[in-house]
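A short write-up of the structure that comes next.
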Amino acid sequence: TQLLEQSPQFLSIQEGENLTVYCNSSSVFSSLQWYRQEPGEGPVLLVTVVTGGEVKKLKRLTFQFGDARKDSSLHITAAQPGDTGLYLCAGVSFASWGKLQFGAGTQVVVTP
Amino acid sequence: NAGVMQNPRHLVRRRGQEARLRCSPMKGHSHVYWYRQLPEEGLKFMVYLQKENIIDESGMPKERFSAEFPKEGPSILRIQQVVRGDSAAYFCASSPGTVPGVEQFFGPGTRLTVL
């Protein structure tokens, strides 16, 4: 059983469309990180959110941390084929500093 | 500024042999973490180390697995008497600390195949 549940598991969209990936838990986290992983490579950090209710924008990507620090979302505007990849959310609990607990990931495919 | 380095990138071992995976953290980072990604599964925490200390090994299998981060040199994840179920991608990450919001940066991983 995953502590962090990601949805959907798989998302296929056309270039130019928008998409949202969700990361939910019943646990509270001190911080939450989003990564993107390409096949055969390690996860690449996209963003870290720390404050409940926080919203961070990185170009076409918008990240939100829930007020209760139990959930997060990643929204991509006008997706491009280069956004294709496995998106992973990972949380750090107050009880286990340094230990990232990952969701199972959302595979995003953006076709031209 | 080089990122996290891992070697080898690919490692093939026969059942019963030993596997040694190495990780050099980013410059200035003194905290190292090991994670395992089994086929069709998510990343799972294994162990968290600082120089010469194991801080959290709650994710390490009780037998055959050990990790160290010596005063000098890379961190080593050692798997003795490997079995086919050990086949996975092993990732190392590093950070400068663990206060809330401190980010972990991952290496490219070592793909272990046990024949």
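Here the structure is a predicted model, which is why all the values come from computation and not from measurement. Note on naming: letters A, B, ... go to the chains in the order of the sequence lines (proteins, then strands), and numbering restarts at 1 for each one.
Rounding to the nearest 0.5 angstrom, the gap separating the CD atom in B/E57 from the NZ atom in A/K99 is 11.5 Å.
No continuous path of hydrophobic side-chain contacts links B/L21 to B/L115 [ILVMFWY only; heavy atoms under 4.5 Å]. Residues A/F102 and B/W34 fall into different hydrophobic clusters, defined by Ile, Leu, Val, Met, Phe, Trp and Tyr side chains chained together at heavy-atom separations under 4.5 Å. Linking ILVMFWY residues whenever their side-chain heavy atoms come closer than 4.5 Å, directly or via other members, leaves B/V32 and B/I55 in distinct clusters.
For a residue to count as touching a neighbouring chain, one of its non-hydrogen atoms must lie under 4.5 Å from one of that chain's; by this rule A/L88 touches chain B with the side chain only. Contact annotation for B/Q6: neither backbone nor side-chain heavy atoms come within less than 4.5 Å of a heavy atom of chain A. Contact of A/Q101 with chain B is not made at all, since no heavy-atom distance falls under 4.5 Å. Neither the backbone nor the side chain of A/F29 comes within contact range of chain B; no heavy atoms are under 4.5 Å apart.
B/R111 and A/E41 get closest at one heavy-atom pair: NH2-N, 3.3 Å. Closest heavy-atom contact between A/Q33 and B/Q104: OE1-N, 3.8 Å. Among all heavy-atom pairs drawn from B/F91 and A/G42, the shortest one is CE2-CA, 3.3 Å.
The number of heavy atoms from other shown groups lying within 6.0 Å of CZ (B/R15) does not exceed 12. Counted within 6.0 Å of CE on B/M5, heavy atoms from surrounding residues, nucleotides or ligands total 12 or fewer; the atom is thus considered open. Counted within 6.0 Å of CD on A/Q9, heavy atoms from surrounding residues, nucleotides or ligands total 12 or fewer; the atom is thus considered open. The environment of A/K57 atom NZ is sparse: at most 12 non-hydrogen atoms of other residues, nucleotides or ligands sit within 6.0 angstrom.
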Mind running side-chain contact (heavy atoms from CB on, under 4.5 Å) on A/L100 and B/Y35 for me, showing each step along the way?
-> CA-CA 9 Å; A/L100 280 174; B/Y35 294 83; 3.1 Å; yes
